[in-house]
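Everything below concerns the one structure shown next.
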Amino acid sequence: MSSSPAIEIKDRLRAIVQESFGISLEDFAVETPPKTELGDLAFPLAFDLAKRIKAATGEKKNPREIAVRLSEELKALPGISRVEVAGAGYLNVFFDRAQVFTNLLSEVSRPAVINQQLGKLIVEHTSINPNKAAHIGHVRNAVLGDTTIRILRAMGETVEVHNYIDNTGVQVADVVVGFIHIEKKSLDEIRKLAEGGGKFDYYCWDLYAQVGAWYEEDKARLEIRSRTLHEIEEGGNATAQIGEYISSRIVDCHLDTMSRLDIGYDLLARESEILHLHFWTHAFEKLKASGAIVLETEGRNKGCWVMRAEETEENAAQKETEHDADKIIVRSNGTVTYTGKDIAYHLWKLGKLGLDFHYRNLRRDHRGHEVWVTTADVKLAIDPHPDFGNGTAFLNVIDVGQSYPQANVKRGVMIIDHDERVARSAHLAYEKVTLTPAAAVELGVELSESDAQRQQIGMSGRKGLGVKADDLIDRLEENALKEVQSRHQELTVDEQRLIAHQIAIAALRYFLLKFTRTSIIAFDFNEALSFEGETGPYIQYSAVRANNIFRKLGRRPKS
RNA sequence: GCGCCCGUAGCUCAGUUGGAUAGAGCGUUUGGCUACGAACCAAAAGGUCGCACGUUCGAGUCGUGCCGGGCGCACCA
């Protein structure tokens, strides 16, 4: 058997059906019978065939008869010990288990094929605002992205991993405001603080929450925010320097946190470069030339360049009424919205922009892999560098709340160049991680009466409410270390720590993946810290035991 | 108002293109470490798959309409 027994049998069945009934099948169902006595695989195919034969010829066929005929043809296939027809027409297959197992074993130990069917995929994940420590919700993003990448690579695909750094956004501006206007610190003082050994990302976490409260006290202070943001966007001034320094240090912290989880990146693409290297100017021309955006000369959006909502029959009638889904790309004051900047970035990702970043090395990560970062400064640029961008599709791991802007980004890119590479690009959406009231209390949060009644409480960076990633990993490692020490006193402390670390990250990664992407995870400490039952450590335990069995057999599968 | 997501055992969740008696973990109860590692295993109890109608030989799964919870629909990102 070549690939998997199920696929082999399916192929054979497809051929039999074509030959015997003249019907060409697409994919069809395989299932596991409810009891092992009924077989290893079951095909409810005969029901479907009966229906199709009746539709085509009007002839009524008994599903059971069809199943019997299929079973006789199928018996000869190697790896099958027998085939039975059960119930009203199920086709149940029994494996020659020894042979199937042996084949599977050699299959598993074979190296991954080089597939490359999809060209170079660009997967963007993590993309945390560089103004405070990463929390558990950010880790859900990173783990989902990293695992997707591992699966694609295991399938032989080529993947380039991006982490988008929004270093010129409002969130960075807020922390800059905190340092300058609340703490009255100079760049040197901030530098001293960041390099002083404490956790700078934790410091900013608290400061960011303070800034939120500070604005609340006096709304007039919001003027300071927009002025600060403007200076950061423009660059080349003292405020921008502070912003640059803070966001870079926080990115370091994020990379350290992600390294603990064995997550790495190829390229950090920074928003400041998208601005300063005029990516937008080029994208703007393309958007205009393709007719993707139009300048409104009247109405509410007068003076803006907008991407018109897709006209469907349903909304055509509503077009004139109050709700209008047109997306503004350029504001009437001439500045670009985030959607516009993201369209420019995505055109670059697919090699459709006609411009490139400059690049420099940032660091080697925990695996010794070189991480690159974009730069606008030619003097800092390192050449040669890997060929970034020019992907054949992009996959963006971004929370589901951004489905609407993400859809607009894809649509904008699609209008400029309508090809299948864009069509198969996608927003990999996931839901957020919230806190159970119990978890919030454990974090020392005082709950209002209405909050205590709720099933879940949203994390809020602005309020400083959330489970920091490093704290959680620390707790997991401590718990795991206790367990390891109680079982393996013969190991050195370093060995114990290494094992505890591996167990801890398995627990966390598995915990974040075991839920459907689109379901909200209400974070519970007990559940997340558990090593028993349906957990990562249980899978590790199973793998270790299986390996020990192979070792005792005198051979082991390559992992 | 429009759109999206969620609703399945006491709790947290699986359930692939519609298929046989709706599953797992946690928790509860019972039993098991001189056998392949007890971070485990064996077993018991536990269900109006939110509600209703429809399509189908067959619906947790598809359609329509409701109910409950959450989130989008900015000249924010």
Side-chain angles (χ1 to χ4, degrees), chain A residues 26-35 38 42-48 50-51 54 63 86-90 92 127 129 164 166 168-172 226 229 271 296 300-306 309 314-315 318 321-339 341-342 398-405 407 429-432 434 436 454-456 458 479-480 483-484 486-488 503 506-507 511 514-524 526-528 530-542 544-553:
Chain A
E26 297 297 316
D27 204 14
F28 53 91
V30 196
E31 50 189 55
T32 311
K35 290 181 189 173
L38 290 169
F43 296 88
L45 180 60
F47 300 107
D48 186 45
K51 201 184 296 178
K54 191 182 164 194
Y90 286 95
N92 292 346
S127 306
N129 269 303
Y164 183 77
D166 184 6
T168 56
V170 182
Q171 295 212 20
V172 169
S226 57
L229 180 59
E271 184 167 85
E296 295 288 1
R300 198 180 47 222
N301 295 335
K302 186 177 176 182
C304 298
W305 286 87
V306 306
E314 290 88 63
N315 70 17
Q318 289 198 337
T321 65
E322 71 267 48
H323 289 291
D324 178 350
D326 292 355
K327 178 65 197 166
I328 289 165
I329 303 298
V330 182
R331 304 180 186 104
S332 54
N333 67 5
T335 58
V336 196
T337 62
Y338 166 78
T339 304
K341 284 183 266 188
D342 216 20
I398 304 177
D399 86 88
V400 71
Q402 295 197 42
S403 298
Y404 177 69
Y430 65 95
E431 266 292 359
K432 54 179 165 282
T434 62
T436 59
R454 296 166 77 93
Q455 294 191 318
Q456 55 198 20
N479 289 6
E483 297 290 333
V484 173
S486 72
R487 286 156 224 249
H488 296 285
I503 290 169
F511 174 77
K514 72 184 211 179
F515 305 96
T516 311
R517 269 190 295 133
T518 47
S519 96
I520 296 171
I521 299 177
F523 183 84
D524 179 80
N526 290 333
E527 214 185 325
S530 169
F531 297 147
E532 290 170 12
E534 194 191 340
T535 63
Y538 174 73
I539 293 173
Q540 292 177 313
Y541 170 82
S542 309
V544 167
R545 285 196 57 179
N547 268 323
N548 279 342
I549 293 169
F550 283 117
R551 192 168 54 201
K552 285 176 187 176
L553 282 172

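So that the names make sense, note that chain A is the first sequence line, chain B the second, and so on, each numbered from 1.
Partners of A:K432 under the salt bridge (Lys or Arg N to Asp or Glu O under 4.0 Å) rule, at least two apart in sequence or in another chain, do not exist in this structure. Residues passing the side-chain contact (heavy atoms from CB on, under 4.5 Å) test with A:T436 are A:A438, A:A439, A:A522, A:D524, sequence neighbours excluded. Evaluation of the ring pair (Phe, Tyr, Trp, His ring centres under 6.0 Å) rule for A:F515 yields A:F511 as partners, not counting sequence neighbours. With sequence neighbours left out, the side chain to side chain donor-acceptor pair (under 3.5 Å) criterion links A:T518 to no other residue. For A:Y338, the side chain to side chain donor-acceptor pair (under 3.5 Å) partners at least two apart in sequence or on another chain are A:D342. A search for ring pair (Phe, Tyr, Trp, His ring centres under 6.0 Å) contacts involving A:Y90 returns A:F47, not counting sequence neighbours. Every residue two or more places apart in sequence or in another chain that forms a side-chain contact (heavy atoms from CB on, under 4.5 Å) with A:K514 is listed here: A:Y510, A:E527, A:E534. Under the rule for a side-chain contact (heavy atoms from CB on, under 4.5 Å), the partners of A:D399 that lie at least two apart in sequence or sit in another chain are A:Q402, A:Y430. For A:T339, the side-chain contact (heavy atoms from CB on, under 4.5 Å) partners are A:K327, A:I329, A:T337, A:I343, A:P405, A:N408, A:V409, not counting sequence neighbours.
Between A:Q456 atom CD and B:U12 atom P there is a gap of 10 Å when expressed in whole angstrom units. Here B:G69 presents its C1' atom at 12 Å from NZ of A:K432, a figure rounded to the nearest Å. Atom-to-atom, CD of A:E527 to P of B:C13 comes out at 7 Å; the value is rounded to the nearest Å. The nearest whole Å value for the distance from the CD1 atom in A:I329 to the P atom in B:C75 is 11 Å. We find that CD1 of A:I521 is positioned 11 Å from C1' of B:U12, with the value rounded to whole Å. Look at CD1 on A:I520: it is 11 Å from P on B:G7, rounded to the nearest Å. As rounded to whole Å, 18 Å separates atom P of B:C4 from atom CG of A:D399. If you measure from atom CG of A:D326 to atom P of B:C73, you get 15 Å, rounded to the nearest angstrom.
Between the side chains of A:Y538 and A:E532, no donor-acceptor pair is found at a separation under 3.5 Å.
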Identify the pairs formed between an N or O of the protein and an N or O of nucleotides 14-20 of chain B at a distance under 3.5 Å, and give each distance.
| residue | atom | partner | partner atom | Å |
| --- | --- | --- | --- | --- |
| B:A14 | OP1 | A:T516 | N | 2.5 |
| B:A14 | OP1 | A:T516 | OG1 | 2.0 |
| B:U17 | N3 | A:A29 | N | 3.2 |
| B:U17 | O4 | A:V30 | N | 3.3 |
| B:G19 | O2' | A:E31 | OE2 | 3.3 |
| B:G19 | O2' | A:Y90 | OH | 2.2 |
| B:A20 | O4' | A:Y90 | OH | 3.4 |
| B:A20 | N7 | A:E31 | OE2 | 3.3 |
| B:A20 | N6 | A:N92 | OD1 | 2.7 |
| B:A20 | N1 | A:N92 | ND2 | 3.3 |

Please tabulate, one pair per line, each protein N/O and nucleotide N/O from nucleotides 37-41 of chain B that are separated by under 3.5 Å, including the distance.
| residue | atom | partner | partner atom | Å |
| --- | --- | --- | --- | --- |
| B:G37 | OP2 | A:K552 | NZ | 3.4 |
| B:G37 | O2' | A:Y541 | OH | 2.8 |
| B:G37 | N7 | A:N548 | ND2 | 3.1 |
| B:G37 | N2 | A:H488 | NE2 | 3.3 |
| B:A38 | OP2 | A:R545 | NH1 | 3.2 |
| B:A39 | OP2 | A:R487 | NH1 | 2.3 |
| B:A39 | N7 | A:R487 | NH1 | 3.3 |
| B:C40 | OP1 | A:G533 | N | 3.0 |
| B:C41 | OP1 | A:Y538 | OH | 2.9 |

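Using a 4.0 Å heavy-atom distance criterion, A:K302 is classed as a base contact. If you check every strand for non-hydrogen atoms under 4.0 Å, A:S403 touches nothing.
If you take atom P in B:U28 and the same atom in B:G65, they sit 45 Å apart, rounded to whole Å.
Remark: RNA chain B takes part in the stems B:1-7 with B:67-73, B:10-13 with B:23-26, B:28-32 with B:40-44, B:50-54 with B:62-66, each of 3 or more antiparallel Watson-Crick or G-U pairs, criterion distances under 3.5 Å.
Looking at which nucleotide of RNA chain B each of A:T337 and A:A522 is closest to, the 5′-most match is held by A:A522.
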